[in-house]
Number of protein chains: 2
Amino acid sequence: MTTASPAPSSRDLPHPAREEIRLEGVLHALSDPLRLRIVRELAAEGVELSCSYFDLPVTKSTTTHHFRVLRENGVIRQVYEGTAKMNGLRRVDLDALFPGLLDSLLAAAAHQAARHDEP
Amino acid sequence: MTTASPAPSSRDLPHPAREEIRLEGVLHALSDPLRLRIVRELAAEGVELSCSYFDLPVTKSTTTHHFRVLRENGVIRQVYEGTAKMNGLRRVDLDALFPGLLDSLLAAAAHQAARHDEP
DNA sequence: CGGCTCGTACGATAGACTTCGTAGTACGGG
DNA sequence: CCCGTACTACGAAGTCTATCGTACGAGCCG
């Protein structure tokens, strides 16, 4: 049977449970421009994206570090899929914990981007 | 005439203009538990409060440091009034820059406090 | 005036954060 | 099976942060 077994490639990454996510941690994770940018792209695309999708102005080591900060603070979920690691926003968890916060943050970031970065 | 001259005690503190306030800075300022707590009390009282109003578990030096971080990131406004320094939320500026964000953040903090800190 | 309170400034320290480079592991394709 | 790709782990360097202690300046009150 074509069981939809998630092929749990034995490479599991530690994620905080929903109740363990702390607001301070989320804010800290998003207070870095690079990480905020990652989250914005993730939210814009709406689907899971591989790390290499992002073209960040830092080395891969640093990229790994930033993705880990986002994961450890409960902002994103990371799952291996073959050689790629897919990243998805934990929108459901965040919305349950902090209703409306994520949307406000994304709107604020978009607002600011429209004011400064983009012409 | 009893001019409402603000008695500009010649001790003026540098504040960022509204347009200079950066989302990353605000998030960073609020990612510290002590500073988040200060902002929550400020929002709850709704009026300007002196530094000594807060009974924080750190020394006065550290308190000064945290208030400065909040001011330099545009979260609060500080004005001298005699020997006291009054602190007020820059709600108008923040609401203009990031509509709804402050309320979402305060609600999220209250939510979390209800879940963990308070019984 | 003398002292008190409020808050600052400065220096110091320990810890955390960001970034990198190198070396290594896991998966998939020829 | 060997190699390329994707990402990690570890160590190192530099910077930033949080905290403190002590010493100081600015107003208020007796």
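A note on names: the letters A, B, ... follow the listed sequences, proteins ahead of strands, and every chain is numbered from 1. Side-chain atoms are counted along with the backbone in the values below, which use heavy atoms only and exclude waters and symmetry mates.
- A close approach under 4.0 Å does not occur between any side-chain nitrogen or oxygen of A:Thr64 and OP1 or OP2 of D:dC7.
- Using modelled atom types, one finds a donor on one side chain and an acceptor on the other under 3.5 Å when comparing B:Thr59 with B:Thr62.
- A salt bridge links A:Arg77 with A:Asp93: the closest approach of a Lys/Arg side-chain nitrogen to an acidic carboxylate oxygen falls below 4.0 angstrom.
- Comparing atom distances between the A:Thr83 side chain and each of D:dA18, C:dG7, C:dG28 picks out C:dG28 as nearest.
- Scanning residues 49-56 of chain A for heavy-atom distances under 4.0 Å to DNA chain D yields A:Ser50, A:Cys51, A:Ser52.
- Within 3.5 Å, a donor on the side chain of A:Ser61 pairs with an acceptor on the base of C:dG21, or the reverse.
- Comparing C:dC6, D:dA6, D:dC20 by their closest approach to the side chain of B:Thr62 singles out D:dC20.
- Between B:Leu70 atom CG and D:dT17 atom C1' there is a gap of 14 Å when expressed in whole angstrom units.
- Under a 3.5 Å cut-off, the side chain of A:Gln78 and the backbone N or O of A:Asn87 do not form any donor-acceptor pair.
- One can place CD of B:Glu72 at 13 Å from C1' of D:dC16, the figure rounded to the nearest angstrom.
- Neither B:Val69 nor B:Leu30 shares a network with the other; the hydrophobic side chains, linked directly or stepwise wherever heavy atoms of I, L, V, M, F, W or Y lie under 4.5 Å apart, form separate groups for each.
- Set against C:dT19, D:dA6, D:dC20, the side chain of B:Val58 has D:dC20 as its closest nucleotide.
- Taking side-chain N and O atoms only, A:Thr59 has a distance below 4.0 Å to OP1 or OP2 of C:dC20.
- Following rounding to the nearest Å, A:His28 (NE2) and D:dC16 (P) show an atom-to-atom distance of 14 Å.
- Contact between B:Gly74 and B:Ile21 at its shortest, heavy atoms only, is O-CD1, 3.6 Å.
- The side chain of A:Arg35 contributes an N or O atom lying less than 4.0 Å from OP1 or OP2 of C:dT18.
- By the neighbour-count criterion of 12 heavy atoms within 6.0 Å, atom NE2 of A:His15 is densely surrounded, having more than that number from other residues, nucleotides or ligands.
- Using a 4.0 Å heavy-atom cutoff across all strands shown, A:His65 reaches at least one base atom of the nucleic acid.
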